[in-house]
Student: 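Right, I'll just put the structure down here and ask away after.
Being a predicted model, the structure only gives us computed values, none of them experimental. Throughout, protein chains are lettered first and strands after them, A, B, ... in sequence-line order, and every chain is numbered starting at 1.
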Protein chains: 2
Amino acid sequence: MDVRTICLGILTRADATGYEIKKRVEEGGYRHFVEASFGSIYPALDKLTKDGLVSVRAEVQEKKPNRKVYSITKAGRSAFIAALMGPLPQDCHRWPFAFAMKFADLLPEQRIAQMLDAYTAQTENTLTQLQQAGAKPQSRGEHFATGLGRAAYGAILDYLREHRVELEVQTAEAAE
Amino acid sequence: MDVRTICLGILTRADATGYEIKKRVEEGGYRHFVEASFGSIYPALDKLTKDGLVSVRAEVQEKKPNRKVYSITKAGRSAFIAALMGPLPQDCHRWPFAFAMKFADLLPEQRIAQMLDAYTAQTENTLTQLQQAGAKPQSRGEHFATGLGRAAYGAILDYLREHRVELEVQTAEAAE
DNA sequence: GTTTGCATGTAAACGGTTACATGATTGG
DNA sequence: CCAATCATGTAACCGTTTACATGCAAAC
């Protein structure tokens, strides 16, 4: 999903500034499915404006920086739906942790333990976030998506807890 | 994981040509954890050679194109281990399908059904591949990694099967 | 008094994908 | 006869990340 489409999607739910879009991507239930940084969001919003898919209004604020609030247009809504109707980009699960585990035999025991600990902690965080997101009222689609995430990360966590033992018994020999 | 590190990893197991590295990434149990294309592998091997992390020998073949077989050097092995000892790049799970599902309310019923079908089929394939990979003899680390993949994709598949019903009951209203 | 939050933006660098070029051999 | 396999490589393009620039207000 390119950043333009992500912006459009978020704007179908509510008007927002670039800053707010970033926040929603990070905090909302989107965090685990897509990514977007300021450096990509602002140019994306520019382009969407030029293409007539969103409109802007400037809001002057006191004691806070001025902001540009974006709204999706009818054309934008159509374009977003068209994007979801067409073929979706392939999922991309880049999993350096799993890749690294394949080479456990090359690494010292303690490094393996440390990686397992870190990854377990990280997965626990992710799960907690998804559980919190799941607690909030959501549309059917949102509920389904968070559930999917919980299912995946829950299974990963279970696997880590049950199977780390297999790796920790005398994995390492030497690390050069 | 950048492509250079992926190449090094694969070369720790056996010498290979660029072509073979690509194949192993695709077929071997790496497929679901990392990605690499020719356009990135060949330049990566060039750079690794310049840096002394791999060495090349040209092999002239009859009835087949000549090939360049790469071997990892001691320095390369150290560099690979160093990469695994340092902080790993963040996992990146880009999941356009899950993102799209969040907007199920904007899409017609049949499109949702179609997406669910396609995604289920795709996940089934992935699982089958991981099960086949798991059947082959593997090192402890490899076994752990394939098991992790199976756990994750298995959970996703179960979830899809059990919960698609929630989305299919009158999701759609209109699609503009 | 320092960090965090609010808020927008740019420019350079990076890594990677896609498409193209080439060409013999084998299998269906 | 056509597609796939083997095999290497280049170049243009792409989207994104990272780092930088700016600056006030509130909270700790």
Side-chain angles (χ1 to χ4, degrees), chain A residues 1-8 10 15-27 30 33-51 54 56-70 83 87-94 96 99, chain B residues 1-8 10-11 15-27 30-31 33-51 54 56-70 83 87-94 96 99:
Chain A
M1 280 297 161
D2 56 66
V3 176
R4 279 197 301 284
T5 308
I6 296 170
C7 290
L8 283 179
I10 288 176
D15 292 357
T17 66
Y19 190 85
E20 286 166 346
I21 289 175
K22 175 98 191 296
K23 267 184 61 181
R24 283 181 208 168
V25 170
E26 274 170 2
E27 293 167 13
Y30 299 98
F33 306 135
V34 292
E35 276 174 286
S37 65
F38 284 133
S40 56
I41 290 172
Y42 286 119
L45 288 170
D46 274 355
K47 212 195 164 217
L48 289 170
T49 309
K50 276 176 201 152
D51 294 347
V54 303
V56 209
R57 60 175 190 278
E59 266 184 22
V60 182
Q61 299 187 118
E62 275 171 47
K63 312 209 173 177
K64 278 187 188 175
N66 296 342
R67 58 214 301 267
K68 285 165 141 190
V69 182
Y70 292 86
L88 298 180
Q90 277 293 304
D91 279 13
C92 129
H93 297 280
R94 268 176 229 175
F99 179 80
Chain B
M1 280 295 161
D2 56 67
V3 176
R4 279 197 299 285
T5 309
I6 296 170
C7 289
L8 284 179
I10 288 176
L11 292 174
D15 292 358
T17 64
Y19 190 85
E20 285 166 346
I21 290 175
K22 174 98 192 293
K23 265 184 61 182
R24 283 181 208 167
V25 169
E26 274 171 2
E27 292 167 14
Y30 299 98
R31 195 186 188 314
F33 306 135
V34 292
E35 275 173 287
S37 65
F38 285 132
S40 55
I41 290 173
Y42 287 119
L45 288 171
D46 274 356
K47 202 175 179 234
L48 289 170
T49 309
K50 276 177 202 151
D51 294 347
V54 303
V56 209
R57 59 175 190 279
E59 265 184 22
V60 181
Q61 299 187 121
E62 274 171 44
K63 312 210 173 178
K64 276 187 188 174
N66 297 341
R67 58 215 301 266
K68 287 166 139 191
V69 182
Y70 293 86
L88 299 179
Q90 278 293 305
D91 279 14
C92 128
H93 298 279
R94 267 174 230 176
F99 178 80

Student: Looking just at side-chain N and O atoms, do Thr49(A) and Asp46(A) make a donor-acceptor pair shorter than 3.5 Å?
Tutor: no

Student: Side chain to side chain contact (heavy atoms under 4.5 Å, CB included) with Lys64(A): which residues, sequence neighbours excluded?
Tutor: Gln61(A)

Student: Starting at atom CD of Glu26(A), determine the distance to atom P of dT17(D), rounded to an integer number of angstrom.
Tutor: 11 Å

Student: Figure out the CG/P separation between Asp15(A) and dA7(C), and round it to whole Å.
Tutor: 14 Å

Student: For Thr17(A), check side-chain hydrogen bond (donor to acceptor under 3.5 Å, both in side chains) against everything at least two apart and list the hits.
Tutor: none

Student: Got a sec, which residues hit side chain to side chain contact (heavy atoms under 4.5 Å, CB included) with Glu59(A), two or more places apart in sequence or on another chain?
Tutor: Arg57(A), Arg67(A), Val69(A)

Student: In whole angstroms, how far is the P atom of dT16(D) from the CD atom of Gln90(B)?
Tutor: 19 Å

Student: Could you check Val56(B), Val54(B), Val3(B) and say which one makes a side-chain contact (heavy atoms from CB on, under 4.5 Å) with Leu48(B)?
Tutor: Val54(B)

Student: Could I get a table of every N or O pair under 3.5 Å where one atom is in the protein and the other is in nucleotides 3-13 of chain D?
Tutor:
from   : atom 1 : to       : atom 2 : distance (Å)
dC6(D) : OP2    : Tyr19(B) : OH     : 3.3
dA7(D) : OP1    : Gln61(B) : OE1    : 3.4
dA7(D) : OP1    : Gln61(B) : NE2    : 2.8
dA7(D) : OP1    : Arg67(B) : NE     : 3.0
dT8(D) : OP1    : Lys68(B) : N      : 2.9
dT8(D) : OP2    : Tyr19(B) : N      : 3.1
dT8(D) : OP2    : Tyr42(B) : OH     : 3.0
dG9(D) : OP1    : Lys68(B) : NZ     : 2.4
dG9(D) : OP2    : Lys68(B) : NZ     : 3.4

Student: I'd like to know whether Arg94(A) forms a side-chain contact (heavy atoms from CB on, under 4.5 Å) with Met1(B), so could you lay out the CA-CA distance, the side-chain angles of the two residues, the decisive distance to 0.1 Å, and finally the verdict.
Tutor: CA-CA 8 Å; Arg94(A) 268 176 229 175; Met1(B) 280 295 161; over 6 Å; no

Student: I need the CZ-P distance between Arg94(A) and dT17(D), as an integer number of Å.
Tutor: 11 Å

Student: Give me the ring orientation class for His93(B) and His93(A): parallel if the planes are under 30° apart, tilted from 30 to 60°, perpendicular past 60°.
Tutor: tilted

Student: Return the value, rounded to whole Å, for the distance between atom CG of Asp2(B) and atom C1' of dA13(C).
Tutor: 15 Å

Student: Can you name the side-chain hydrogen bond (donor to acceptor under 3.5 Å, both in side chains) partners of Glu26(A), sequence neighbours left out?
Tutor: Lys22(A)

Student: Does a nitrogen or oxygen in the side chain of Ser37(B) sit under 4.0 Å from OP1 or OP2 of dT17(C)?
Tutor: yes

Student: Send over the distance from Ile21(B) CD1 to dG16(C) P, rounded to a whole Å.
Tutor: 14 Å

Student: Over how many whole Å does the gap from Lys47(B) atom NZ to dG16(C) atom P extend?
Tutor: 12 Å

Student: Mind checking whether Phe99(B) and Tyr30(A) have parallel, tilted or perpendicular rings, split at 30° and 60°?
Tutor: tilted

Student: Report for the helix from dG1(C)-dC28(D) to dG28(C)-dC1(D): angle between first-end and last-end helix axes, five pairs each, rounded to 10 degrees.
Tutor: 50°

